[in-house]
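In what follows, a structure is listed as structure tokens, so that the remarks can point back to it.
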Protein chains: 2
Amino acid sequence: MELYNDKGFEATTVAEIAARAEVTERTFYRHFVDKREVLFQPNALVDVLAHATAAADSLAPLEVITHALTEAAPVFEERAELVRQRQAVIAANPELQERELAKQASLVSTLDHALRGRGLDSATAALAAEIGIAAFKVAFDRWINDADQHTLARHIRETLDATRHLTAPAEHSATTDDASFQGQENAP
Amino acid sequence: MELYNDKGFEATTVAEIAARAEVTERTFYRHFVDKREVLFQPNALVDVLAHATAAADSLAPLEVITHALTEAAPVFEERAELVRQRQAVIAANPELQERELAKQASLVSTLDHALRGRGLDSATAALAAEIGIAAFKVAFDRWINDADQHTLARHIRETLDATRHLTAPAEHSATTDDASFQGQENAP
DNA sequence: AGAGTGATGACAGTGACTGACATGGGTGCT
DNA sequence: AGCACCCATGTCAGTCACTGTCATCACTCT
């Protein structure tokens, strides 16, 4: 992190990292699968999500997700400063952003799996998992850039509420009537 | 694509690709920023989404997204076979999956931007964009693995409807069966 | 002590990617 | 035609991420 902060991620060579840690480059690669992985180390998040999802009593999918994400919040809140620093490094480098997206995708997969374990059909589980993590991304982003220092848990709650408002109120019951589907043909 | 299909992505060297195209390796890198980018070339999708979002008349956010995604569907449907082939290559390689996630993230950003251009506040726009693309991912995945060969547009519509069912009715579980995909209306 | 195990070092090699410069083939202008 | 210009491509050398292989060394168990 010192090196990444100092010179930037790209300008930091693995040789330098290894030297700083007083090991050889080869040893570095025995601990981390690649140069990026250093920043994505202990993925406690996966465990927390899986556990919290399984533990939740019989609730509606979105409630389960609310619960799981809220359980996960402290993982970040307890290390707020480190998390912000880390996020700054990631924000400055496309390769790291790709890796982060991959990690988030694995969270989706974790949630999906956990939801199915609760008896949800695979279609609903996949969708709920995607939406849950999508909401989490937004909440996390707001938390990071929040001048008011509100809790991550609070942002999560607000974002999930916003999700309900966003999708629920269809004033005109016309989800199927408008121009949205014109130009489509070739029904099977 | 021939080479990627034949030997796999990882085992295919840029030198080989260049040779097959009868150019030098250096020239390859003048056309593609890296080895992966070959598979993510003409991102017509971004344009379609941006255009369709801007063009939609004043509708609720989720309706706008429905419209935009439905407009985008033909981009895939017209090249169904190629798309499936490409997806198989991507599915076989983690590096390519990362890149695909990055592309999807840029779609989120496109949608977000377009929604804000319509006067939506940034919080709602970000959330709606994330959810929209999340739904698209699910729909796309279902389309790719759909034995029944239903339209992508149809999957999109079903998935977005499922999103409403998933988030809207909390306890008093909806009119019909569970919150699953069942009971959607018919094909276009 | 001796054998087994696991972490590390040493080293060589491959392949992705980049910067710098040279070259040839159009295109437009006179 | 002749010339200047530009753009795409080739050439070459170099950096660096990452890997396979083997040697070494500490540590443990019997």
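Below, read A as the first sequence line, B as the second, and so on, with proteins coming before strands; counting in each chain starts at 1. Please read all numbers here as calculations on a predicted model, not as lab measurements.
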Rounded distance in Å - CD (A:E25) to P (D:dA17): 7 Å

Using whole Å, report how far CD1 of B:I17 lies from P of C:dA16. 8 Å

Expressed as a whole number of angstroms, how long is the span from A:E16:CD to D:dC18:P? 14 Å

Atom CZ of B:R99 to atom P of C:dC17: distance rounded to whole Å? 8 Å

Quick check for you: among C:dG9, D:dG10, C:dC17, whose closest atom lies nearest to any side-chain atom of B:D34? C:dC17

Gap between atoms CD and C1', on B:E95 and D:dC18 respectively (whole Å): 11 Å

Establish, yes or no, whether the cationic atom of B:R86 lies under 6.0 Å from the six-membered ring centre of B:F40 and within 45° of the ring axis. yes

Within the structure, does a side-chain N or O atom of A:H31 lie under 4.0 Å from either OP1 or OP2 of C:dT8? yes

On the nucleotide D:dT9, are OP1 or OP2 found under 4.0 Å from the side-chain N or O atoms that B:T27 carries? no

Between CZ of B:F32 and P of C:dT18 the distance, given in whole Å, is 14 Å

Using side-chain heavy atoms (C-beta onward) and a distance below 4.5 Å, is A:E98 in contact with B:L101? no

From CZ of B:F28 across to C1' of C:dC17 the rounded distance in Å is 11 Å

Check whether the side chain of A:R26 and the base of D:dG20 form a donor-acceptor pair under 3.5 Å. yes

A:E10 or A:R30: which one's nearest nucleotide on DNA chain D is closer to the 5' end? A:E10

Just say parallel, tilted or perpendicular for the rings of B:W143 and B:F76, cut-offs at 30° and 60°. perpendicular

Nearest to the A:Y29 side chain among D:dT19, C:dA16, C:dG9, which nucleotide is it? D:dT19

May I ask you to establish whether A:K35 and A:Y29 are in a cation-pi arrangement, using a distance under 6.0 Å from NZ or CZ to the six-membered ring centre and at most 45° from the ring axis? no

